[in-house]
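This report concerns only the one structure given below.
Chain naming here is simple, since letters A, B, ... match the order of the sequence lines and numbering starts at 1 in each.
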There are 2 protein chains.
Amino acid sequence: MAADRRTPPRDLPVVETVDASFLEGLLGYNARRASLAVIDVFLRRMAPYGLRPVDFSVLSLVVHNPGITSRQLCTSLGILPPNLVNLVAALERRGLLERHPHPRDGRATGLHPTAEGRRLMDEAERTAAALEAETAARLSATELRTLLKLLRKVYAAD
Amino acid sequence: MAADRRTPPRDLPVVETVDASFLEGLLGYNARRASLAVIDVFLRRMAPYGLRPVDFSVLSLVVHNPGITSRQLCTSLGILPPNLVNLVAALERRGLLERHPHPRDGRATGLHPTAEGRRLMDEAERTAAALEAETAARLSATELRTLLKLLRKVYAAD
DNA sequence: TATTGTTATACTCTATAACTATA
DNA sequence: TATAGTTATAGAGTATAACAATA
């Protein structure tokens with residue numbers, strides 16, 4: 001599948017600087033680039049806690065919502081049930097949360113943070129807040145508030 | 001790995017409505033959610049053209065930058081070279097672009113849109129622009145401009 | 001020696017089907 | 001009959017190492 005080398009060097013155009021202006025005008029393109037940039041920093045700063053973004057999200061919801069079920073986690077975070085199983089199992093093995101039978105629904109399992117889970121999340125959430133200010137250092141506090149508001153407007157009413 | 005069913009139904013908390021307020025205050029969380037929502041619509045509306053977001057991005061850059069190299073595409077879009085190969089090969093097989101030797105660098109290959117490639121992108125880009133207005137219908141034109149500007153500010157200076 | 005494009009490959013993420021136990 | 005949780009598995013997306021051809 002090599003290019004046709006028999007073609008003589010004719011009037012073929014050469015690109016010096018790439019024009020990406022069309023893509024840069026699209027919301028999807030910019031939202032994706034921004035989210036990748038932010039998540040990249042997040043990944044590096046959360047590595048010491050052994051938490052990927054998805055682990056952070058799950059454990060954060062468990063800490064702020066003791067007794068939350070897997071189903072509620074999936075709905076809140078847009079994770080499919082089969083993909084949550086190992087996530088929760090790993091956090092349980094690390095002693096960061098416990099599973100107890102749901103008091104009112106025998107099918108469900110309530111997820112509860114352990115003392116260690118609360119302690120870790122307290123640290124991790126403070127790191128996340130600091131990181132937030134840092135990542136968005138190019139934005140004023142007002143700009144950051146506006147950005148969050150507009151982003152929520154884009155996906156909230158789905 | 002079942003929950004301990006011997007535990008009697010004690011004072012275990014039950015979550016009625018999930019509190020996600022901490023996550024909703026994080027830029028990364030909101031950027032990710034927004035980008036997934038926008039890309040989901042994009043995916044559905046571009047399916048008739050047989051273009052995923054990444055195909056759209058690649059072909060758009062080729063159309064707007066005839067002669068662009070794989071390396072330039074990778075740098076512009078944050079794709080790793082090995083993962084671009086099959087992408088370009090597929091677009092070539094569909095007759096949407098052609099590969100010709102680079103006039104000034106024997107190692108490189110220039111990518112050039114075919115007439116069919118230009119025609120398809122013309123349609124696809126008009127659909128993308130329409131979709132843009134639609135997806136962001138909850139935002140005013142001013143809000144959309146502000147959102148794009150702030151998103152670029154987040155990732156631009158990386 | 002460095003760079004472009006490529007192959008092979010591995011790892012993660014996401015998605016679907018099917019099962020169990022409870023409601 | 002429907003739902004919560006689980007298993008197994010398939011597919012897409014993303015990553016690294018190593019190579020040939022050219023600079």
Pairwise side-chain hydrogen bond (donor to acceptor under 3.5 Å, both in side chains) hits with a residue in residues 50-64 of chain B, at least two apart: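 Listed once each, the pairs are B/R52-B/D55, B/S60-B/E125, B/H64-B/E125.
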Could you go step by step and tell me if A/R126 and A/D122 meet the salt bridge (charged side-chain N to carboxylate O under 4.0 Å, His left out) rule? CA-CA 6 Å; A/R126 267 189 280 108; A/D122 190 62; 2.9 Å; yes
Rounding to an integer number of Å, can you tell me how far [X] [atom1] sits from [N] [atom2]?
X: A/L73; N: D/dA4; atom1: CG; atom2: C1'; value: 13 Å
X: A/I79; N: D/dG5; atom1: CD1; atom2: C1'; value: 15 Å
X: A/I68; N: D/dG5; atom1: CD1; atom2: C1'; value: 15 Å
X: B/D105; N: D/dA21; atom1: CG; atom2: C1'; value: 11 Å
X: A/N86; N: D/dT7; atom1: CG; atom2: P; value: 8 Å
X: A/R99; N: D/dA4; atom1: CZ; atom2: C1'; value: 11 Å
X: A/L43; N: D/dA15; atom1: CG; atom2: C1'; value: 13 Å
X: B/L87; N: C/dT7; atom1: CG; atom2: P; value: 14 Å

Please compare A/Q72 and B/R104 by the position of their nearest nucleotide in DNA chain D and report the one closer to 5'. A/Q72
At a cut-off of 3.5 Å, list every protein nitrogen or oxygen paired with a nitrogen or oxygen from nucleotides 1-3 of chain C, distance to 0.1 Å.
residue: C/dT3; atom: O4'; partner: B/R107; partner atom: NH1; Å: 3.1
residue: C/dT3; atom: O2; partner: B/R107; partner atom: NH1; Å: 3.2

Cluster question for you: counting only ILVMFWY and a side-chain heavy-atom cut-off of under 4.5 Å, with indirect links fine, are B/M121 and B/L84 together?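 Looking at the clustering, B/L84 is in the same group as B/M121.
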Taking B/L36 as the starting point, is it possible to reach B/L23 by hopping between hydrophobic residues whose side chains are less than 4.5 Å apart? no
Considering only side-chain heavy atoms of A/T109, which listed nucleotide, C/dT4, D/dG5, D/dG13, is closest?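 The closest nucleotide is D/dG5.
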Of D/dT6, C/dT7, D/dA4, the nucleotide closest to the side chain of A/P81 is D/dT6
Contact between [X] and [Y] at the side-chain level, heavy atoms closer than 4.5 Å - yes or no?
X: B/V88; Y: B/V62; result: no
X: B/P81; Y: B/S70; result: no
X: B/L26; Y: A/F56; result: yes
X: B/R44; Y: B/D40; result: yes

What string of B, S and - do you get for nucleotides 15-20 of chain C, 5' to 3', when a contact is any protein heavy atom under 4.0 Å? BBB---
Quick check on D/dG13: is either OP1 or OP2 less than 4.0 Å from any side-chain nitrogen or oxygen of A/R32?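 The answer is no; no side-chain N or O of A/R32 sits under 4.0 Å from OP1 or OP2.
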So does B/E116 pair up with B/R119, basic N to acidic O under 4.0 Å?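 Judged by the 4.0 Å cut-off on N to carboxylate O distance, B/E116 and B/R119 do form a salt bridge.
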